[in-house]
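Okay, structure first, notes after.
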Protein chains: 2
Amino acid sequence: MARRPLPPLNALRAFEAFGRHGRMTTAADELFVTHGAVSRQVRSLEDQVGVRLIEGPKNRLRLTEAGLKLAQSLTQAFDLVEQGLPKRPDKVEGLRVTVQPTFAMKWLIPRLPDFVDAHPDVPVSLHETNGPVDFAETDLAIRLGAAGTGIPAGAEATPFMQHYQGPVMAPGLLKGAPSIDAVAALPRLHTKTFAPAWAEWERRAGIALPRPPVDREFDHYFYMLEAAAAGLGVAMGPWAFVQRDLAVGRLVAPLGFVDGEAQITAITPRGGLSRPVRLFRDWLVAQGAQTPPPTGEGV
Amino acid sequence: MARRPLPPLNALRAFEAFGRHGRMTTAADELFVTHGAVSRQVRSLEDQVGVRLIEGPKNRLRLTEAGLKLAQSLTQAFDLVEQGLPKRPDKVEGLRVTVQPTFAMKWLIPRLPDFVDAHPDVPVSLHETNGPVDFAETDLAIRLGAAGTGIPAGAEATPFMQHYQGPVMAPGLLKGAPSIDAVAALPRLHTKTFAPAWAEWERRAGIALPRPPVDREFDHYFYMLEAAAAGLGVAMGPWAFVQRDLAVGRLVAPLGFVDGEAQITAITPRGGLSRPVRLFRDWLVAQGAQTPPPTGEGV
DNA sequence: GGGCCATTGTGCGAAAACCTCACAGATGGC
DNA sequence: GCCATCTGTGAGGTTTTCGCACAATGGCCC
């Protein structure tokens with residue numbers, strides 16, 4: 001007669017983090033626990049629901065179809081909870097940086113300790129959103145978009161990293177030799193936050209792809225990438241987001257990457273910038289220069 | 001750098017249950033814990049978010065505005081989680097009863113032990129939904145609606161309780177002597193699941209109300225009633241749902257109740273009913289007869 | 001093919017979170 | 001004023017969860 005026979009909520013939280021990261025270690029970092037704790041929680045959740053949520057070899061885990069569905073529901077649910085929470089009187093001081101969730105997870109957060117080490121006196125508060133930039137709420141925003149796009153009036157844009165992108169997929173999904181036709185025949189994965197990615201790639205690569213057998217759309221970049229890792233199809237992956245997954249072999253990019261039309265850009269209000277903002281912007285430029293470009297360069 | 005600085009999830013679950021019930025004791029029953037556990041969890045949640053979520057004297061608690069908002073977000077979030085969970089291979093045996101959430105909470109669940117005592121050999125599994133009836137999934141459905149409405153072809157309807165309804169509100173909200181004009185001047189609360197309630201009441205009472213100063217709509221019946229208890233306005237309350245709140249003084253119904261156009265009805269597939277279905281239907285009829293009608297009878 | 005790297009699985013003891021029990025405090029009705 | 005109905009809380013026990021350290025697994029490279 002229990003109205004909500006839900007699994008333990010902490011296990012759901014752990015699994016949700018795993019779902020976004022695709023790896024226990026980074027999910028554990030996010031939750032400030034050890035990877036062992038996440039491992040147990042995910043395992044216990046699987047026991048509870050009686051369905052496999054993850055599969056694959058231990059060093060290349062992927063979500064199952066059921067796991068992907070659950071993880072997406074959980075992300076949506078937790079977002080909803082966050083929205084419903086009353087805002088505390090904001091006494092967050094320091095540099096307010098607004099960034100897209102996937103960019104934060106895949107690129108910025110791993111590098112942030114470097115900035116903190118270099119400038120321990122400059123507190124940084126990250127705010128993750130896909131919404132438009134509001135300089136009443138933020139000091140510096142990072143956006144990925146065509147040059148000059150989405151930059152509000154009175155703002156200054158500082159590109160700090162080239163936006164390469166290319167089709168990525170699970171290692172083993174493409175059977176024979178890599179070819180454009182073979183890739184085009186796979187289910188194609190899309191994301192709501194950057195819908196024109198495939199069209200842009202076709203333009204830059206000088207190719208017109210035939211219609212894919214299946215199109216599938218995701219709310220978030222990271223779930224599209226997890227779906228790709230799970231072998232559900234081929235996604236258009238920005239280099240900065242998939243670099244790590246390529247390095248460890250969770251994804252492959254058989255056609256390489258092409259120069260995107262856009263650059264990844266730091267956006268600041270025009271005019272006299274405070275020292276923390278300048279420091280952070282310059283640090284971004286330096287980090288961008290240090291991020292290696294993709295090795296294969298084109299179709 | 002934690003991505004989700006959420007309050008403890010168990011506290012959120014406890015508060016969500018409180019939000020639906022409006023009382024710690026019944027919320028605790030739902031969660032299979034003691035009222036003390038719920039009390040602590042809610043308190044700790046308030047400390048965490050730094051905002052009062054409940055207020056009022058201890059025996060007539062109500063949600064604050066912030067609490068109402070949070071509770072609704074949480075209900076939606078938990079519903080989402082439930083939907084995302086993989087369905088376990090259904091080996092639930094016994095009588096499958098489909099019922100609207102508020103009717104379950106306010107009327108059926110408190111009486112269900114009586115049925116279990118009388119027929120311990122008939123397992124009952126409750127399924128709460130506002131959706132249409134699907135007899136592939138259910139053996140008996142309970143619906144509140146105008147006679148003949150929403151009853152699928154090939155089904156049989158057994159009304160078992162009269163549907164009285166009347167305007168209800170927090171005790172103290174109406175200042176002077178109760179009058180139709182005074183009630184009409186209050187903010188009016190509505191629910192998505194039974195939108196024509198006010199119009200029906202006006203018809204039955206032979207009154208045409210002027211437009212209210214404010215209209216406010218809720219996704220769920222129970223949140224509309226909690227909003228009424230919190231003093232946010234006047235709701236059209238079905239007798240069966242508000243009986244308990246009237247008895248303990250959380251709500252008052254200064255204009256009494258009128259006979260609704262509808263009856264509360266058990267819906268079964270036409271034709272030979274199994275013994276459990278017959279038993280349960282007959283029990284509903286008996287319980288309906290035992291539920292006292294409202295005392296004041298009309299405007 | 002053997003060693004190395006990155007990652008996840010697990011036994012054990014410690015720590016934290018949570019709950020129950022029992023009773024006190026509050027409020028309103030009669 | 002007394003009773004009935006709820007909620008608040010102190011003390012103590014139980015369950016859950018975690019960290020630590022190490023084992024296990026699979027892939028990659030030379």
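Below, each value reflects all heavy atoms present in this structure, side chains not excepted, and no hydrogens, waters or symmetry copies. Lettering of chains follows the sequences in order, A, B, ..., and the numbering in each one begins at 1.
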Classify A/Arg40 by what it touches in the nucleic acid, base, sugar-phosphate, or nothing, heavy-atom distance under 4.0 Å. base
Angle separating the five-pair end axes of the helix from C/dG1-D/dC30 to C/dC30-D/dG1, nearest 10°, is 30°
From the options A/Leu189, A/Val234, A/Leu251, select the one residue that forms a side chain to side chain contact (heavy atoms under 4.5 Å, CB included) with A/Val168. A/Leu251
Any donor-acceptor pair under 3.5 Å linking the side chain of A/Thr75 with the backbone of A/Ala71? yes
Between A/Lys106 and A/Arg244, is there a side-chain heavy-atom distance shorter than 4.5 Å? no
Boundaries of the chain A footprint along DNA chain D (any atom under 4.0 Å from a heavy atom): D/dT17 to D/dC28
Could you give me the CA-CA distance, side-chain angles and deciding distance for A/Gln41 and A/Asn10, then say whether side chain to side chain donor-acceptor pair (under 3.5 Å) is met? CA-CA 8 Å; A/Gln41 293 281 32; A/Asn10 292 322; 5.9 Å; no
Counting any heavy atom closer than 4.0 Å, what does B/Arg23 reach on the DNA or RNA strands: base, sugar-phosphate only, or nothing? sugar-phosphate
Can you tell if the side chain of A/Gln287 reaches within under 4.5 Å of the side chain of A/Met161, non-hydrogen atoms only? no
Residue pair A/Gly249/B/Met24 against DNA chain D: nearer the 5' end by closest nucleotide is B/Met24
Is the backbone of A/Arg52 close enough, under 3.5 Å, to the side chain of A/Thr64 for a donor and an acceptor to pair up by distance? yes
Keeping the roles fixed (side chain from A/Glu46, backbone from A/Ile54), state whether a donor-acceptor pair exists under 3.5 Å. yes
Give A/Arg250 one of three labels, base, sugar-phosphate or nothing, depending on what nucleic acid heavy atoms sit under 4.0 Å from its own. nothing
B/Val38 vs A/Ser39, nearer the 5' end of DNA chain C by closest nucleotide: A/Ser39
Outermost nucleotides of DNA chain C that come under 4.0 Å of a non-hydrogen atom of chain B: C/dC18 to C/dG29
If only atom types and distance count, is the side chain of A/Arg23 paired as donor or acceptor with the main-chain N or O of A/Ala28 below 3.5 Å? no
B/Val248 near the nucleic acid: base, sugar-phosphate alone, or nothing, with a heavy-atom cut-off under 4.0 Å? sugar-phosphate
Tell me if a side-chain donor or acceptor on A/Arg13 pairs with a main-chain N or O of A/Phe78 at a distance below 3.5 Å. no
Are any side-chain N or O atoms of B/Arg20 and backbone N or O atoms of B/Tyr223, one a donor and one an acceptor, separated by less than 3.5 Å? no
Heavy-atom check, side chain of B/Leu112 versus side chain of B/Trp107, under 4.5 Å: no
A/Lys58 or A/Val33, whichever maps to the more 5' nucleotide of DNA chain D: A/Val33
